[in-house]
Amino acid sequence: MATKLTRRSFAKLTGSVPLTASATQVAAQTSSSKPADPSPDERARETEQKMTDDERFSLLISLMGAVAAVGVPRDKRIPEGVSMSAGYTPGVPRLGIPALQSSDASMGVTNPGYRPNDKGATAFPASIAVGASFNPQLAHEGGAAIGREARMRGFNIMLAGGINLTRDPRNGRNYEYYSEDPWVSAVFGAEAVNGIQSEGVISTLKHYVLNCNETNRHWLDAIIDPAALRESDLLAFQIAIERSQPGAIMSGYNKVNGTYASGNSHLLNDVLKGAWGYKGYAMSDWGAVPAWDYALSGLDQESGIQLDVMQWGAEAFTDRLRAAYARGKFPKERLSDMVRRILRSAYAIGIDRWGPAPTLDMAKHNEIALEISRQGIVLLKNDGVLPVATGGKLKIAVIGGHAQEGIICGTGSGAVLPVGGFAGVVKIGGPGIMGGGRNMFLIAPSPLAELTKLLPDAKFEFDPGYTPAEAALLARRSDLVIAFGIRVEGEGFDNADLSLPWGQDAVIDAVANTNPNTVVVLETGNPASMPWRGKVRAIVQAWYPGQAGSQAIAEVLTGTVNPSGRLPITFPLDLAQTPRPGLPGLGTPWGTPITIRYDEGAEVGYRWYAQKNQKPMYAFGHGLSYASFSYRELEVQGGETVTAAFIVTNTGARAGTDVPQVYLTAVNGDERLRLLGFGRIALQPNESKRVSVEADPRLLARFDGGAGRWRIAAGRYRVAVGRSAQDLALSADVQLSARLFGV
Ligand code: BGC
């Protein structure tokens with residue numbers, strides 16, 4: 001089983017300690033005189049040798065549970081009594097191989113209509129909120145809680161660990177991903193996986209790779225320079241795999257440079273299993289396998305096989321793969337390899353050795369959800385109106401966003417049914433296979449209720465934001481306006497632009513024109529355009545904050561909690577600033593082949609804006625506090641990599657937590673922006689602490705496609721520490737020697 005998070009392993013998270021195990025640890029592992037237990041590889045080999053071909057083939061597919069919204073009926077191959085889930089693979093009881101059962105897990109253990117009797121799970125904040133906390137330990141704790149809730153349901157595979165980079169601020173699934181930065185994505189994805197696997201449950205990392213838009217995702221050809229891919233999305237996977245050893249990797253729906261990711265031998269065989277030596281198994285996304293020969297290209301398991309019938313007209317890894325086997329086109333060695341990889345993950349993570357299910361402490365899980373939303377909320381703007389003074393007899397207008405009912409979450413396979421059910425469900429719909437399940441889910445308690453608790457002397461009134469004129473009437477007779485802006489984003493859909501739906505921008509504009517004391521709270525998975533930005537006094541980015549999100553929002557607004565989240569994704573001024581002002585394929589009917597060129601290559605997000613000299617609305621890493629922080633005494637050391645140390649001081653009047661960020665800004669005078677690491681430091685007023693960050697050397701290097709290795713050029717590396725990618729306070733130079741390393 002995976003290890004618990006120790007002080008030392010946590011110290012590694014921000015990059016301050018080398019990744020390799022210490023010499024003492026290795027010696028302790030090898031000097032034991034007891035005969036060693038067979039390794040997961042040995043066990044997998046032994047078991048696989050005892051299997052019949054029928055048993056071998058039975059492990060190569062998973063069956064999706066019945067879901068009315070997607071039009072999938074109950075499959076007779078799922079035995080009676082087996083609870084419905086995203087994927088079911090029968091076990092082989094005579095050999096002690098358990099059935100495999102998977103569930104989605106981006107925001108908790110999901111139930112997109114699978115199990116009518118499910119009592120609900122903890123609805124955690126979205127991954128983008130976890131990323132915004134810049135606190136990897138929270139990803140670990142959330143992961144472990146998800147692992148426990150999965151075990152209670154008998155699910156031994158979590159489809160978690162979404163680490164696609166947020167390349168496009170319209171991507172409907174960015175809420176399921178952590179960041180636009182490869183290092184942040186890798187560290188958080190790895191900790192989510194480590195948390196889940198510490199409970200003896202397999203986790204995926206997904207969607208391998210470059211599944212960065214939802215529009216016509218099954219027909220999307222994502223084009224990118226191969227070396228740039230190694231330095232960006234693939235680097236996130238590489239580092240996350242090293243740090244967490246996930247049992248499975250889920251391949252994406254899209255093509256990469258002309259070949260479907262699930263049948264892409266270069267990505268699966270050469271890179272994942274070859275260069276990186278990955279020992280687990282590659283499962284497809286649901287409905288991503290048109291052909292049996294994907295098995296030859298490195299895919300080990302066909303998932304949710306009924307969706308392949310809906311999508312491509314046939315199953316791939318059942319009769320067709322068996323026919324190829326009979327004809328000698330599909331070698332026995334590869335069949336054995338696929339089976340062994342699946343068994344190896346089962347043994348390495350221990351899903352065959354489960355004892356009794358852990359007792360669940362749902363109150364503790366709620367505390368974890370609460371802490372993530374507290375730390376993930378980002379205060380974007382504040383001219384001093386926040387925190388709202390408690391104790392006053394203020395007349396406060398709460399406007400829009402269903403803030404009298406609950407908070408919203410993302411839609412799609414990641415939606416979680418909370419304990420007690422949803423406070424409301426509004427059907428949205430839309431074209432394509434995901435349209436039927438595209439809903440606005442409301443999760444109680446409401447922000448209005450939580451604000452009322454924390455401000456008992458204030459007089460609250462609610463207006464639904466039905467029309468601008470009506471909302472302005474309430475704004476006029478109030479001392480303070482708290483307006484909620486929401487946008488349901490989700491799987492299968494990209495946002496057509498960055499505006500808020502249902503006329504909310506006009507409502508916010510009208511109330512801000514009427515009452516200058518307006519604060520806006522946003523529940524979105526992506527940047528919003530905020531045309532009213534200059535008229536409001538404060539803006540709070542709450543993302544999809546999960547079941548305890550309303551409490552966290554109220555705590556941040558009233559100052560019970562000092563905000564400490566930072567943007568893990570750049571908020572552009574408008575789409576014209578982004579690499580693709582127009583999104584290819586947007587608006588084409590479901591089923592239209594489309595091509596998106598990710599010509600920004602490795603210059604994703606903040607790197608792009610720096611390269612183009614663009615000043616975004618809010619930079620990557622930005623986030624305000626009710627305290628303030630200063631930096632001094634930056635010292636940078638070279639060698640195999642770069643280590644930066646500096647002192648952070650709380651110069652404000654109240655306790656707060658800072659997230660100082662260390663960037664590479666130039667190499668031999670050429671600008672190149674790369675986040676090298678970050679800290680997360682709690683400080684009392686006037687308190688100072690020293691922070692040290694050691695960079696993963698790949699963040700300083702370029703990938704040399706010819707050599708298949710990382711290359712550090714000799715020369716002068718400029719390193720800076722700052723509050724965001726565009727607010728750098730100190731910088732220093734360090735000399736590095738030329739070096740070729742890694743793969
Ligand atoms: C999604 C995956 C998910 C799978 C199973 C697919 O539509 O892309 O992320 O894990 O469904 O629900």
Side-chain angles (χ1 to χ4, degrees), residues 61-72 75 83-89 100-115 121 126-127 146 150 153 155 157-164 171-178 189 192-193 196 201-220 222 246-254 260-262 282-289 301-312 410-417 430 432-438 489-494 525 590:
I61 65 151
S62 75
L63 295 156
M64 187 173 174
V67 194
V70 188
V72 177
D75 193 295
S83 68
M84 295 288 122
S85 62
Y88 167 79
T89 302
L100 307 176
Q101 261 202 293
S102 62
S103 165
D104 280 289
S106 296
M107 302 186 292
V109 180
T110 62
N111 182 346
Y114 287 119
R115 296 175 302 280
S127 303
I146 287 171
R153 291 168 171 80
F155 297 159
I157 301 175
M158 290 293 97
L159 309 171
I163 56 168
N164 296 95
N171 179 26
R173 286 188 97 173
N174 280 350
Y175 77 88
E176 294 192 67
Y177 306 142
Y178 294 96
V193 171
I196 291 168
V201 173
I202 290 174
S203 178
T204 57
L205 282 171
K206 69 187 187 183
H207 307 90
Y208 188 76
V209 64
L210 213 61
N211 190 172
C212 295
N213 282 98
E214 287 295 294
T215 300
N216 269 318
R217 59 186 182 174
H218 291 82
W219 297 271
L220 159 61
I249 299 293
M250 187 194 296
S251 57
Y253 283 123
N254 53 301
Y260 273 114
S262 300
M283 66 162 77
S284 70
D285 202 337
W286 273 232
V289 192
Q301 195 181 57
E302 179 185 13
S303 311
I305 195 159
Q306 303 99 306
L307 287 194
D308 278 322
V309 180
M310 286 169 72
Q311 184 69 29
W312 313 105
T411 179
S413 58
V416 173
L417 175 76
I433 193 173
M434 298 306 292
R438 188 185 187 203
E489 301 171 32
E491 192 176 338
F493 301 91
D494 287 325
W590 171 254

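Read the numbers this way: they start at 1 and go in the same order the structure lists the ligands and their atoms.
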Check whether any heavy atom of Arg173 sits under 4.0 Å from an atom of ligand 1.
yes
His207 contact mode with ligand 1 (heavy-atom cut-off under 4.0 Å)
side chain
Suppose I only count heavy atoms of Leu159 and a 4.0 Å limit; which atoms of ligand 1 are within that range?
5 (C), 10 (O)
Non-hydrogen atom of Met434 closer than 4.0 Å to ligand 1:
no
Glu176 and ligand 1 - part of the residue with a heavy-atom distance under 4.0 Å
neither
For Ile433 versus Leu307, what's the shortest heavy-atom pair and its separation?
CD1-CD2, 4.1 Å
Element-labelled atoms of ligand 1 that are located less than 4.0 Å from some non-hydrogen atom of Ser413:
1 (C), 3 (C), 12 (O)
Any idea which heavy atoms bring Ala86 and Leu159 closest together, and the distance?
CB-CD1, 3.8 Å
Taking the non-hydrogen atoms of Met250, is any one of them nearer than 4.0 angstrom to ligand 1?
yes
Does either side chain, that of Ser262 or that of Ser251, offer a donor lying less than 3.5 Å from an acceptor on the other one?
yes
Nearest non-hydrogen protein atom to atom 2 (C) of ligand 1, with distance, is Asp285 OD1, 3.3 Å
Would you mind checking which non-hydrogen protein atom is closest to atom 7 (O) of ligand 1, with the distance to 0.1 Å?
Glu491 OE2, 2.5 Å
Polar side-chain atom of Thr89 near backbone of Ile61 as donor-acceptor pair, under 3.5 Å
yes
Using a strict threshold of under 4.0 Å (side-chain N to carboxylate O), is an ion pair present between Glu491 and Arg438?
no
Looking only at the side chains, is there a donor atom on one of His218 and Tyr260 sitting less than 3.5 Å from an acceptor on the other?
no
Atoms in ligand 1 with a heavy atom of Arg217 nearer than 4.0 Å:
7 (O), 8 (O)
To the nearest 0.1 Å, how far is atom 3 (C) of ligand 1 from its closest protein heavy atom, and which atom is that?
Asp104 OD1, 3.1 Å
From SG (Cys212) to CG (Asn174), nearest 0.5 Å
8.0 Å
Below 4.5 Å, heavy atoms only, C-beta onward: do Met64 and Tyr114 meet side chain to side chain?
yes
Using a heavy-atom cut-off of under 4.0 Å, does the side chain or the backbone of Met158 touch ligand 1, or both, or neither?
neither
Regarding ligand 1, does Tyr114 bring an N or O atom to under 3.5 Å of one of the ligand's N or O atoms?
no
Within ligand 1, which atoms have a heavy atom of Lys206 less than 4.0 Å away?
2 (C), 3 (C), 9 (O), 10 (O)
Check whether any side-chain heavy atom of Met158 lies under 4.5 Å from a side-chain heavy atom of Asp104, and answer yes or no.
no
